[in-house]
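This structure is a prediction, so every number in the text was calculated from the model and none was measured.
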Amino acid sequence: MTEQKRIAVITGSNRGLGYAISRKLAQIGLHVILTSRNEADGLAAKQQLSAEGLDADYCVLDVTNDVSVQRFTKWLRETYSKVDILVNNAGINPTTKPEESSLLTVQLETMRVTWETNVLAVVRITQALIPLMQVENYGRIVNISTEMASLSSISDDYYPLAPSYRLSKVGVNGITAILAKELQGTNILVNAYSPGWMKTDMGGDNAPFTAEEGAETAVYLATLPDGGVQGQFFAEMRKFGGPVQLQW
């Protein structure tokens, strides 16, 4: 790795969308840090990128665990001294459970676990890594959301209700807006986007698009120029042929 390369951390990146984002960022010359809870899976993903001649590293990370995040942050500080990009991709989606078809039947325990993974974990890792972005006053934070979290369209959208997942991503959008406000005037830009329905373990085989297509907007937001857009919610670029902002 050369000193000039940007350092990009992608959570939950051993497979699916996270891996696709990592691969695309590495292909354009960034040094990517793959993370996952399972070390064997993460090392296998790193080996795949390395076999392509791409610049990648790996470290175990469970974003739901304080100790794991602390260890990861310490490793980053000692190994790289800084972080330039954070893609908050790790998350869960319990929409296959029958009770997720209605807010009247959803299990509160499912909502709690989903919230802890999709929302609190984003706050945890973001709080930990922003100081490493402040080292050089440079940062790009990309939060993975969904069009299902757009409050302005919930009343007439065609998506399943999926209350646990949907409400957790409403929380992610809230984090994005608040954090952007707090970081206003700095060179740390935070935005959210919807990757759409993809052929991943979460999306299933019937999805119309690939993880590689879903990664396009993440790459755009992760590489914004200085003075770029701040605190906005984007659609997947393939839908409109370019970056288009969604309503909250």
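Connection of V142 to V229 is established within a shared hydrophobic cluster, with ILVMFWY side chains joined at heavy-atom distances below 4.5 Å, either directly or through further cluster members. Connection of L54 to I28 is established within a shared hydrophobic cluster, with ILVMFWY side chains joined at heavy-atom distances below 4.5 Å, either directly or through further cluster members. Taking hydrophobic clusters as Ile, Leu, Val, Met, Phe, Trp and Tyr residues chained together by side-chain heavy-atom distances below 4.5 Å, L189 does not share a cluster with V122. Tracing side-chain contacts under 4.5 Å through hydrophobic residues (I, L, V, M, F, W, Y), one reaches M237 starting from I85; they form part of the same cluster. Under the 4.5 Å side-chain heavy-atom criterion for grouping Ile, Leu, Val, Met, Phe, Trp and Tyr, L167 is connected to L161 within one hydrophobic cluster.
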Is there a side chain to side chain contact (heavy atoms under 4.5 Å, CB included) between I144 and N88? Walk through the geometry before answering.
CA-CA 6 Å; I144 308 302; N88 283 310; 5.8 Å; no

Test R124 against V63 for side chain to side chain contact (heavy atoms under 4.5 Å, CB included), laying out the working first.
CA-CA 7 Å; R124 179 181 289 108; V63 291; 5.8 Å; no

Verify salt bridge (charged side-chain N to carboxylate O under 4.0 Å, His left out) between R238 and E213, making sure each step is shown before the conclusion.
CA-CA 7 Å; R238 65 167 177 269; E213 291 171 310; 5.1 Å; no

As a quick check of understanding, evaluate side chain to side chain contact (heavy atoms under 4.5 Å, CB included) for E39 and Y58, giving each step before the final call.
CA-CA 9 Å; E39 185 175 23; Y58 171 78; 3.9 Å; yes

Could you walk me through whether I33 and W75 pass side chain to side chain contact (heavy atoms under 4.5 Å, CB included), step by step?
CA-CA 11 Å; I33 311 296; W75 174 81; 3.8 Å; yes

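Side-chain contact, S36 with N38: no donor N or O sits under 3.5 Å from an acceptor N or O.
Between F234 atom CZ and T176 atom OG1 the span is 11.5 Å, to the nearest 0.5 Å. The CD1 atom of I141 sits 6.5 Å away from the CD1 atom of I188 when rounded to the nearest 0.5 Å. Atom OG in S13 sits 11.0 Å away from atom CG in D41 (nearest 0.5 Å). For the atom pair R23 CZ and I10 CD1, the distance stands at 13.5 Å (nearest 0.5 Å). To the nearest 0.5 Å, atom CD1 of residue I92 and atom CD of residue E116 are 9.0 Å apart. Separating the CZ atom in R112 from the CG atom in L120 is a distance of 10.0 Å, to the nearest 0.5 Å.
T186 is not listed as a side-chain neighbour of M133, based on a closest heavy-atom distance of 4.5 Å or more. At a threshold of 4.5 Å between non-hydrogen side-chain atoms, the residues E212 and K24 count as touching. Side-chain contact check for L179 versus I130: some heavy-atom pair is nearer than 4.5 Å.
A side-chain donor-acceptor contact under 3.5 Å links N191 to the backbone of Q232. With hydrogens and angles disregarded, a donor-acceptor distance shorter than 3.5 Å links the side chain of T11 to the backbone of A90. Between the side chain of S150 and the main chain of Q247, a donor-acceptor pair closer than 3.5 Å is present. A distance-only check finds no donor-acceptor pair linking the side chain of T126 to the backbone of V123 [under 3.5 Å]. The closest donor-acceptor contact from the side chain of T64 to the backbone of A121 lies at 3.5 Å or more, if one exists at all. A donor-acceptor pair is defined here as one N or O able to donate and one able to accept, closer than 3.5 Å; no such pair exists between the side chain of T146 and the backbone of S194. Side-chain atoms of S101 never come within 3.5 Å of backbone atoms of P160 as a donor-acceptor pair (strictly under, hydrogens ignored).
The number of heavy atoms from other shown groups lying within 6.0 Å of CZ (R37) does not exceed 12. For K239, the NZ atom is densely surrounded, since the number of other residues' heavy atoms within 6.0 Å is greater than 12. Counting non-hydrogen atoms of neighbouring residues, nucleotides and ligands closer than 6.0 angstrom, the CD atom of E52 exceeds 12 such neighbours.
Residue pairs meeting the salt bridge (charged side-chain N to carboxylate O under 4.0 Å, His left out) criterion with at least one member in residues 157-183, sequence neighbours excluded: D157-R166.
Using a cut-off of 4.0 Å between Lys/Arg side-chain N and Asp/Glu carboxylate O, K97 and E100 are scored as not salt-bridged.
Between P94 and T114, the shortest heavy-atom distance links the atoms CG-OG1, 3.5 Å. Listed here is the closest heavy atom pair of K5 and D84: O-OD2, 4.2 Å. N118 approaches G91 most closely through the heavy-atom pair OD1-CA, 3.1 Å. Across every non-hydrogen atom of E147 and L246, the tightest pair is CG-CD1, 3.6 Å. Closest approach of A56 to L49, counting heavy atoms only: CB-CD1, 3.9 Å. Considering every non-hydrogen atom in both T105 and E99, the closest pair reads OG1-O, 2.8 Å.
Between W248 and F233, the two ring planes are parallel [angle under 30°; tilted spans 30° to 60°].
Scored by the side chain to side chain contact (heavy atoms under 4.5 Å, CB included) test, N187 finds N137, Y138, R140, D226 as partners (sequence neighbours excluded).
With respect to L61, the side-chain contact (heavy atoms from CB on, under 4.5 Å) criterion is satisfied by exactly one of I125, T73, L76: I125.
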